[in-house]
Novice: 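If you scroll down you'll find the structure; I have some questions about it.
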Amino acid sequence: MKKTLLVAGLLVAGVVSAFPFRTSCGKVVQVSQTIANNMSMDQLANYLGDVNGEQCPGSGPVVVHVYYH
């Protein structure tokens with residue numbers, strides 16, 4: 001029972017500390033909030049462009065729009 005609660009807690013913590021990013025080919029990947037917190041908006045847009053390129057090979061250059069509140 002303790003292992004189940006521990007694993008469930010880790011999964012919830014993992015979901016809370018990440019945000020979804022939809023690639024140009026329609027895949028949704030979770031991006032670490034910790035990574036995003038340590039980047040400027042331009043750096044984050046470049047990083048997400050790289051993630052898009054890895055997830056959607058051959059998609060070519062994309063424009064990434066970062067919306068936040």
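Everything quoted here is computed from the prediction, not taken from an experiment.
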Novice: Looking only at heavy atoms, what is the nearest atom pair of Thr23 and Cys56, with distance?
Specialist: OG1-SG, 3.4 Å
Novice: Please report the closest heavy-atom contact between Ser40 and Gln43, naming both atoms and the distance.
Specialist: N-OE1, 2.8 Å
Novice: Is Leu48 close to Val31 at the side-chain level, that is, under 4.5 Å between some pair of heavy atoms?
Specialist: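 A side-chain contact under 4.5 Å exists here.
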Novice: Which atoms form the tightest heavy-atom contact between Ala45 and Val64, and what is the distance?
Specialist: O-CG2, 3.8 Å
Novice: Of the non-hydrogen atoms in Lys27 and Gln55, which two are nearest, and what is the gap between them?
Specialist: NZ-O, 3.0 Å
Novice: Considering all heavy atoms of both residues, which atom of Phe19 and which atom of Ser32 are nearest to each other, and what is their separation?
Specialist: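 Minimum heavy-atom separation between Phe19 and Ser32: CE2-O, 4.1 Å.
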Novice: Are Met41 and Met39 grouped together when hydrophobic residues (ILVMFWY) are joined by side-chain heavy atoms under 4.5 angstrom apart?
Specialist: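 Linked, Met41 and Met39 end up in one cluster.
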Novice: Rounded to the nearest 0.5 Å, how far does CG of Leu44 lie from CG of Asn38?
Specialist: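 Taking CG in Asn38 and CG in Leu44, the distance rounds to 11.0 Å.
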